Structures are given as structure tokens and as C-alpha cells.
Amino acid sequence: MGRMEKSFDAAEAEPRILEKWDAANAFAAGANAKPGAAPFCIMIPPPNVTGSLHMGHAFNNTLQDILVRWHRMRGFDTLWQPGTDHAGIATQMVTEREMAANGEPTRQEMGREAFLDRVWQQKVKSRGTIIGQLKRLGASCDWSREAFTMGGAKGDPEAGTGPNFHDAVIRVFVEMYNKGYIYRGKRLVNWDPHFETAISDLEVEQVEVDGKMWRLRYTLDGGETYAHPIEFDEEGNPTDWETRDYLTVATTRPETMLGDTGVAVHPEDRRYAHLIGKTVTLPICGRSIPIVADDYADPDKGTGAVKITPAHDFNDWEVGQRTGLRAINVMTTRAAMALRDNPDFAEGCPAEMLGRAIERYDGLDRYEARDAIITEARDNGWLDGIDEDRHMVPHGDRSKVAIEPYLTDQWFVDAEKIVGPALDAVRKGMAAHEAGAFDETAGYTRILPERDAKTYYHWLENIEPWCISRQLWWGHQIPVWFDQEGNEFCAPDEAEAIEIAKAFYAKKDPDQEIEVKVQNLGEQSLSPDEAGRKVEALATVESGWVADREHGIPGTLYVELRRDPDVLDTWFSSGLWPIGTLGWPEDTPELDRYFPTSTLITGFDIIFFWVARMMMMQLAVVGETPFHTVYVHALVRDEKGKKMSKSLGNVLDPLELIEDYGADAVRFTLASMAAMGRDLKLSTSRIAGYRNFGTKIWNAARFAEMNECKPVPGFDPAGVTQTVNRWIVGEIARARVAHDAALDAYRFNDAANGLYATVWGKVCDWYLEFAKPLFASGDAAVITETRATMAWVIDQCLILLHPVMPFVTEELWGQIAARDTLLVHADWPTYGEDLIDPEADREMTWVIGLIEEIRSVRAQMHVPAGLKVPLLQAELDDRGQAAWDRNEAMILRLARVVAVERVDALPKGAVTIAVEGAVFGLPIADIIDVAEEKARLEKVLGKLAKELGGLRGRLNNPKFVESAPEDVVEETRENLAAREEEEAKIKDALARLAEIG
RNA sequence: GGGUGAUUAGCUCAGUGGUAGAGCGCUUCGUUCACAUCGAAGAUGUCAGAAGUUCGAAUCUUCUAUCACCCA
């Protein structure tokens, strides 16, 4: 008897199987590729290097692994490229947190260089975590090619072990700079006062908060007054007015008033029209500011007059640009008031008031300043009132603090210039996809599901400049050097920057001796407001003529270069993931072979962050779209549909689930729920269900082993003769075709559920049961054929299931027989529906139907499960007879009936079993309850009547026969005939019942 | 406010014009030599509502309601 265990011990086996794959180098690029195979390449969305695996990763990587294993088994030249992301802010944050916990010196105390060394240590320590977890999930990446988005950057202790990603990033910056796609400018950006860096608008979350709307009175200059309506009639027309010598402005952010440079009213607002061009005096600092006309002021909102602070509000900035108002920055990088030594602020303020304002407000945090200003307004009578107001406040997605619109010098990608090809590529790809003529090699890209293409279009069509500089230390430092004049020299490295600077000055003055040196200001981080001023300060030094402090040789032009201290947005580097991981800018064989890559699988939340930018950047840099298909999946939620979050405590840890149920069950669950574009609600009962499925397969294989079913070399599924065997071969073929079609269409749920239905519902429920009487038949030929067929069937199940459930299938593959290859490299079948034998199909459908009918009647009539009942045969057509003859043993066994007796008519009290072309009966009059049997039959008749009504209704409608397709009409007719036959049999049965009842 | 999507069995969801399905749960029965992580049988639906197109609508169109997400 069997050597096999009763079930699969995932916890024991899975690590062992991982080692087997590893030892065989099974996931290496090109492993199992057929000669001349087409490439198939997936880039992993790089997880944060300090992160750990959450459900979203598990889902994302399961889908990738299914595609990758499927292609590898089909003999494609397959590469799944792994790696991690340096994740600027997140990693810097994690490291600083750990440093604080350990009592290490702060980042500022240790300085930039030492801090970077510290982060590298953290990276080396952390990276194993998530990589190990991906392996545990079964991800079949080529781990020897692991990449890092900062690989090869200065200080990388593992430089040389992976692609030099840093070189690629710097190279791209330089190229894009030289093409004019990147520029530096003073702009209002989203400033995170916690991390003291600019962030892109995508990294901003709008949070609705309960706040207030404060109304403040700004006094009109020069004794000016106007009539403000205070009473209205029923139609809203003013009926009474009061004379005011002030304008009331409404604001949610009173602390910014110190930076106000104007008040805007709508040009057509009759209340204020004559005031346009006049001025008001700003309380506290006494600055006189103009009243300007601008559409931005909404007459119906608040008072219709709005204070304008161009340096601290995006809308106000626009108004300022249109109406010529200057911008006054009144805050520090930590969002405290910066009034002292602030010439912009001082300008136009009377000295006495300025001194008081500085005294009272300088250095206050923005929220303290708000309270203090409101107190002063109340005390001094210019607080007009306070309204409760619920409004959206932008927050940093990492820091969770309110972001501050802030005026600084930053680097931008002029996205508008590179967006065109990225839009074109997807428009063409989607058009081809919708036309059913998608060609993977045509150089365009489709996004699935189609809905997400719309999201992509919408964002790209309204693209804004992308702020790519970050005031962090951890990241790719911007490769631009400034001289004293503020000239920019962009180059891949310092030496080249020096050369460019030399050439620049030589052109200006060919006879001049020139010496260029790089003066690194070391660890000092330039916060932008400082940066702005410092560059200006340096620029005021007499152009370039800086005395060389060491040599002091007269007549030489000394140029000092200083590198921009800022680093690049992490997404700038991950935008190059496809080419960077393959070795670009080197002309590597991998780049040649695998780029453009095939499919990208990613979450909908990073379509903008990552997908769109990869499209733009790859097209801008190498002129090709990075992948032909983007499959966008949704979110994994908890079983109640809530987003999983640590604060809610509803997080399911994929690793715990793997421990409890095995990786296969977790993977199968995720795949089976991956309906395109739908969030999936995950519950452990579902996972347990698929763990049971693994056990089911295990036991099917165990059954095969116990019956000595060994794979027969050269077995030809088309050559089997037994109906049952011909039938199951056809079922397997059908499953293989449906499975490939599902995966081809990225319908992972159909793929997984289809296999589930075939393996459990056909192979285990029926084929194994049918095989039992065959094995007991004593017919050597039948037994031999059935053993070979069953071994083949089990093998096919393992092969087809392997991409979804790699562990248990690999284990069984090894246990069943000695093989030439591991299952991971087994050949994927190509047989098609020609293996389906329609006759066998029809016959087994009939047999199954008969067995089910007998079982159903038995259960409903309360025939004891263990009791074997005689079966009477009243009618049987030729086809039925043949089917009976071939399958008698199976029917008797599975329906638990004995000794078939032919009768001309069913005796009174026999229960009727009507199937196509046959009437059987169970003589169980003494067991059954006549009333119950009558009720059963009448219920069946009721169902039939409903169906018959529908069918006849359709066929009696001449328009249906006329306009419906012929096969539909034919099918309806056949259906009607069959139902009528059934109805007649049931009526007979009822009549007989009436005789005894 | 704009956009996108959803609403189908108790729950979670499939279902792209031919008359409704799966898994889980539930009820009853069952320890026959693969499997109790199992087997057999069973119940449950105005496919959110209304109107339209069509021979025929869960499916296409319009409107309404509720919910979710994205962008302001």
C-alpha cells in the first residue's frame, strides 16, 4: 500500500522545495527556454528596501509568478527581474527612527557623509527581509540579478554585485537636461515642514478637516468708503446698505496675512467695482496693499473679497502672476514665521509697526502665529467674525503634517514636453486591443482593464511640471554644479563638470588662464530659502574673480563649483527601472534580449507615480515603450471590505497566512479572487478552502499511487479506448485550452477557478470513482490502460496547476516518479480540443446524470444510505443500452443499486427515474411515503411547466424564429423536445402513483 | 463640484444579448479500502428601482437611489 503521507505538510515541504529550485538554478534568466524562444520579461515593482511583505505585495507577486512560471514552462526565454527601491523619505525616516531608538547621534550631528554610511548599513541589514519573504511566497525571480535603485551610488558597500543603477539615473538626468526637459526654477511647491523637503503633488493627500473661516477687516486707505448691502428682499436684491471704511476678507489661514500683497475682488462685483485700484492697509505690519480685480474672487463666497498671499497659496500665486502682485515668503522651512532679517517682508512696512510685528511674531510656529493673530484682531477690533468651516487641507503622505505651499528653487521635469509619445503609445495600444488586433511587438502599450487607461489619459492630458528635487540626504544627488555666477554645469561626474565649466569660460575669454575647482560645502544641507539667498550672495562676488587662497597666482580666473546638495525624487529613479536593471547605458545582452519588456503588473495606486513616468522616461531616453501590456490590479481589503491598515488593526499578514495554510493556498486564493479591476475581500475561510483543495489533489495522487498508476513513457492520450478514459482525456484537454485562454487574457480568476472545477469536480469526483470498478474488473487490458491514463491525468493536473500552486505540485511530481526535470521546467501541454471525443462525452454525461438522479431520489425518499436497492429498467433506447452495457459496474456502485431487472412497465409504487432515452424505477413502495413522492414529482412538474412555457413562448413567436440565429432556434427546439419527454415521464409516474394513492 | 466604477443566493463574488452560476455558510444523511482539510443530497434570487431599444435584457441606452474610489 501507499508510502505517501495522508496530507501535504506545507510548513515542512515548502522550504525544502525552495532549496531544490535554488540548487537547480531553476529561475535563472532563460532557464528552460526552447531554442529560438521568444523572450518574456517582467520587471518586479521594486518594494521599499526597508519594507516587509504585505497583502498587496503577496497579491501583486502571485500574479507575476503565475505568468512567469507559465511562460517558463511553455519554453519562453523568461526573465523575472527582481530588486528593491531606495525609497528616499521612507528609508531616511526608518533609519532616523532606529538611530533615535538606539541613542545614536542625530543625522545633523553626524553630518551628511556619515549619515549616508549609516543608511547604507541599514539598507544592507533590511534588504534580506522582503527578498526572503518574496522567496517564501514562491516568487520565481532570477535572484542572481537582484537590483537596487541606488545600486553603485557613492558609499554602496555592495557595489558591483548588481546593475549600476546610479550611473543610469545620473546619465538620464544629464540627457534630459541637455534636451531641455529638465529645468530649475523658483516656484511654489508642496513643502513638507516635517521632513523639510519639497514633495510632488502626487505625494500630497487631501484631508477633510473641521476648521474655521475667519473674517478680517482691512481698513481702506485715504478715507475711502463704500456701501455694503445688509438687507435683502425676497428675490435677494439689496434693500438696505451701510457705509464701511474697511473691506472684510475671509480666510482659513490668517497666519499667512503677514505675506499678503493684495486683495482680490471679482471684476463684475458691483459692490467693489469702484474700489479696484485703491489700497487697504494690512493690520499688524501696516503694509499698504492694492485691491485688484480677478475672476478668482467669487462674489458668492465669503464676502467676495479675498486676501492674496502669492508666496503661500497656489491660487494666490496664480492671481499674483496675473495681477502683478509680489510674493513675500514669511515662513521658515519648518513653517515658523520668518520675519526678522526678511527684507521682502520689511519692504513697505512702517518701521515702528515692523519692529512690533517682528517682536511679537517672529519664530512662532504657524499655528501659534494663527492664534496670536486672531487674539490681536479680536483685541483691536478688526476681527469681523468666525464661521465654522469644513475644508480640505493638503497633508504629506509620509509625514501626515499639513503641507505648506512654499516658494523655493527646485528642479522640474517639463513633463509636457515628453508626455506626447507616452499618450500616443497607449492610445495606439488600446485601439489595437479593442479591435482584437493587439500585437505584442508593435511598440505600443495597452493598459488592462480598459478603465485604467482612462485614468492614465486623464492624468497625462492634464500633466503638470514634475518637481524632482528633494531636500534629503538619502538619494541620487543632483548632478549639477553651480559657479559663483549661478551658472549651471550638468555632467555625469565632477571631472566632466569641471571640463564643461572650463570650456564655458574659455569661450567667453579664450586667452584667459582658467582654473576650476570644486568647493564642496560639505555636509551643509541648503534649505531652499537659504539656497536662494546664498546663491545670490555668491553671485554678487565679482564675476568669477575669486582669489585662489592657496596659490594666489595673479591673472588666473578661478572658478569655484559647488554641487547642488539636493537629491532626486525616488520615482525619478524607479522611472528607469526597466532599462536600468538591464544594464543601460551599457549595451548589455540582457538589454538587447529583454527590452522592451513584456508585461507590467502593478497596483492602480501607482499608475501616476510609476507607470506613467516609466512610459514617459523610457520613451524620452531610449525611444521605446517599456512594456507592451500593463495589468492593473486592485486593492486587497479585509473581509468586511475595509482597507487594511495598521491603525485599524485589520491587517492580514501574508507570512502568517503562509505559515498557517501554506503558500499554495494563499496564492490560489489570491488568484481565484483576481477578477479584473475588482477589489478583493480576503477572509481566512476562503484560504482554508483552497488549502483543502491542495489536500484533495494530494489524495488523488495518493489514490493513483495505491493503484499502481505510473506514468508511462510515450503515453498517447489520443490512443485510449475505454469510454471513461476517452472522456477524461477530453476533459483535461478542454481544461488546458480554457486555462491558457484565461491566462492569455489575464483572467486569473477564470484560470484558477477553471482548474478547481476540473480537478475537483471532474477528476476527483468522477474519474477516480469510475476507475474503482475498472481496477476491480480483473480485465488486464482495461486495468493497464486505466492506470496509464490516470497517471497521465494526474500529471496534467500537476502541470496545469503548477503556476498557481507551485509547491504541492512540485512535491507530488517528485514523489510520483523519477523525472528528467523538476516540474518547474516540465513541458507545458499543447494538445487541444481534438482530444475531445463527443461520443464519450455524451455517454459519460448520461451516466453521471443517471447516477445523480438515482442518488437524488434515494435521498429525497429517505432510502438509508447504506441500503442497496434493486433497479428496474422499463424503457431504454439503443444508445442508452450501449451506455448502460459499458458502464454498468460504475452505475451500480456509485448509485448503490443492485441487479437490474427488465420490466415492461413499472409496478405500482415504484419510484420513477427518468433520464434521456430511458425510464428506470426503484421498487421501494414499502419504504416511501406516497404523499412525499407525489410532492416531489409535482415540484419537478412545476419547474418543467415554467421552462416549457418560456420555450414554447419563444418558439411560437414568429419573430423569434425569423430573427434569432439558427443554432439558437435549433437549440431551443431540442430543449423543448427533451423537456416534453421528461414531462411525459413524470406524468406517467404521477398516474401510477395515483393508482396506489 | 468633476470623473470612474459598483449594486446578482445568508456572505464573498463570477457572469459582454439566448432566460442564473461558483466558493463559503446553512439543513439532512453518511466513518464502503484517496481524502472527515471528506462524500451524498437539499433549500435560497422581482439580477437596486423605473423607462426605453430588441423576437429576446442581469448584460445595451437614459433617468433615479444608495455606496465606493480617484481628482479638485
Side-chain angles (χ1 to χ4, degrees), chain A residues 1-2 4 6-8 201-202 206 314-315 392 394 449-452 454-455 457-459 462 604-605 607-608 634-635 637 639-643 661-662 665 669 672-707 709 747 749-750 752-754 756-757 760-761 764-765 768-769 771-772 775-776 794 851-866 868 893-896 946-947 949-951 953-965 967-969 971-972 975:
Chain A
M1 281 298 261
M4 286 175 64
K6 276 187 92 171
S7 66
F8 176 62
D201 43 6
L202 286 178
Q206 299 293 335
F314 286 99
N315 290 311
M392 300 301 259
E450 291 172 31
R451 175 186 357 132
D452 288 287
K454 288 185 194 165
T455 316
Y457 295 145
H458 185 258
W459 191 66
N462 299 284
F604 74 99
D605 49 336
I607 295 178
F608 308 137
L635 215 62
R637 296 170 176 276
E639 55 192 318
K640 295 189 187 76
K642 288 240 165 43
K643 202 166 167 172
Y661 300 102
T669 307
S672 73
M673 296 176 81
M676 220 190 269
R678 288 285 292 241
D679 283 352
L680 45 102
K681 297 178 193 165
L682 194 62
S683 69
T684 49
S685 67
R686 195 80 189 248
I687 302 171
Y690 291 115
R691 186 252 341 253
N692 297 353
F693 179 53
T695 308
K696 192 75 182 172
I697 306 156
W698 182 269
N699 279 290
R702 188 160 168 260
F703 172 80
E705 189 218 28
M706 291 167 78
N707 288 286
C709 306
R747 301 179 64 95
N749 57 325
D750 286 350
N753 295 335
Y756 186 98
W760 198 317
C764 293
D765 284 351
L768 262 55
E769 296 301 331
K772 287 173 185 174
F775 286 144
I794 299 283
I851 293 168
E852 285 182 330
E853 185 63 22
I854 297 173
R855 282 173 170 176
S856 177
V857 167
R858 290 176 58 116
Q860 285 184 64
M861 294 299 108
H862 309 299
V863 176
K868 293 203 171 185
R893 179 187 177 107
L894 297 181
R896 303 198 61 70
K946 209 176 145 193
E947 280 183 69
L951 293 167
R954 275 198 278 165
L955 286 167
N956 290 339
N957 182 342
K959 283 192 176 169
F960 170 73
V961 183
E962 221 169 88
S963 18
D967 54 330
V968 172
V969 177
E971 198 187 313
T972 311
N975 211 345

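In this text, all values refer to a predicted model and were calculated from it rather than measured experimentally.
Taking atom CE of A:Met706 as the reference point, atom P of B:U32 lies 14 Å away to the nearest angstrom. Rounded to whole angstrom, the span from the CG atom of A:Asp967 across to the P atom of B:G56 amounts to 19 Å. Rounded to an integer number of Å, the gap from CD of A:Glu852 to P of B:A40 is 9 Å. Taking atom CE on A:Met861 and atom P on B:C29, their separation rounds to 16 Å, with Å as the unit. Separating the CG atom of A:Leu955 from the P atom of B:C55 is a distance of 16 Å, rounded to the nearest angstrom. Going from atom NE2 of A:His862 over to atom P of B:U27 covers 17 Å, rounded to whole Å. In this structure, A:Arg702 places its CZ atom 8 Å from C1' of B:C35, rounding to the nearest Å. Between the CG atom of A:Leu768 and the C1' atom of B:C33 there is a distance of 14 Å, rounded to whole Å.
A distance of about 16 Å separates the P atoms of B:A40 and B:C33, rounded to the whole Å. A distance of about 10 Å separates the C1' atoms of B:G21 and B:U8, rounded to the whole Å.
The aromatic ring centroids of A:Tyr690 and A:Tyr661 lie 6.0 Å or more from each other.
For the pair A:Glu962 and A:Lys959, the salt-bridge criterion is not met [side-chain N within less than 4.0 Å of a carboxylate O].
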side-chain contact (heavy atoms from CB on, under 4.5 Å) between A:Arg896 and A:Ile854, intermediate numbers included: CA-CA 9 Å; A:Arg896 303 198 61 70; A:Ile854 297 173; over 6 Å; no
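Distances were taken from every side-chain heavy atom of A:Lys696 (C-beta onward) to each of B:A41, B:C38, B:C55; the shortest belongs to B:C38. Considering only side-chain atoms of A:Ser963, the nucleotide from B:A14, B:A34, B:C55 that sits closest is B:C55. Out of B:C55, B:G30, B:G42, the shortest distance to the side chain of A:Gln860 is found at B:G42. Of all nucleotides listed (B:A34, B:C69, B:G42), B:C69 comes nearest to the side chain of A:Phe604. Relative to the side chain of A:Thr695, the nucleotides B:C35, B:A41, B:C29 differ in distance, and B:C35 lies closest. For A:Asn699, the side-chain atoms get nearest to B:C35 when compared with the rest of B:C35, B:G18, B:C69. The nucleotide whose nearest atom lies closest to any side-chain atom of A:Ala859 is, among B:G39, B:C70, B:A41, B:A41. If you check B:U12, B:U37, B:C35 against the side chain of A:Glu769, the one that comes closest is B:C35. Listed candidates were B:G18, B:U12, B:A34. Nearest to the side chain of A:Met673 is B:U12. Of all nucleotides listed (B:C29, B:G15, B:A34), B:G15 comes nearest to the side chain of A:Arg747.
With contacts defined as side-chain heavy-atom distances shorter than 4.5 Å, the pair A:Thr695/A:Phe8 does not qualify. The shortest distance between side-chain heavy atoms of A:Lys6 and A:Arg702 falls below 4.5 Å.
Looking at A:Lys6, its side chain has no donor and acceptor atom pair within 3.5 Å of the base of B:C35. Donor-acceptor pairing under 3.5 Å, judged by distance alone, is absent between the side chain of A:Glu853 and the base of B:A41. In this model, a side-chain donor or acceptor of A:Arg691 finds a partner on the base of B:U37 within 3.5 Å.
A:Ala674 and A:Asn749 get closest at one heavy-atom pair: O-OD1, 3.9 Å. Nearest heavy atoms, A:Cys709 versus A:Phe775: SG-CZ, 3.8 Å.
Using a 4.0 Å heavy-atom distance criterion, A:Pro965 is classed as a base contact. Contact annotation for A:Lys454: backbone-only contact, meaning every heavy-atom pair under 4.0 Å involves sugar-phosphate atoms and none involves a base. As judged by a 4.0 angstrom heavy-atom cut-off over every strand, A:Arg896 is placed among the base-contacting residues. Note on A:Glu450: nothing from the nucleic acid sits closer than 4.0 angstrom, heavy atoms only. Backbone-only engagement by A:Asn957 is indicated by non-hydrogen atom pairs under 4.0 Å involving sugar-phosphate atoms exclusively. Within 4.0 Å (heavy atoms only), A:Arg954 reaches at least one base atom of the nucleic acid. Within the 4.0 angstrom heavy-atom criterion, only backbone atoms of the sugar-phosphate kind lie near A:Tyr756; the bases stay farther away.
For the OP1/OP2 pair of B:C38 and a distance below 4.0 Å, the side-chain nitrogens and oxygens of A:Asn692 include at least one atom meeting the criterion. Note on A:Lys772: every side-chain N or O is 4.0 Å or more away from OP1 and OP2 of B:U32. A:Trp760 has a side-chain polar atom (N or O) that falls below the 4.0 Å cut-off from OP1 or OP2 of B:G39.
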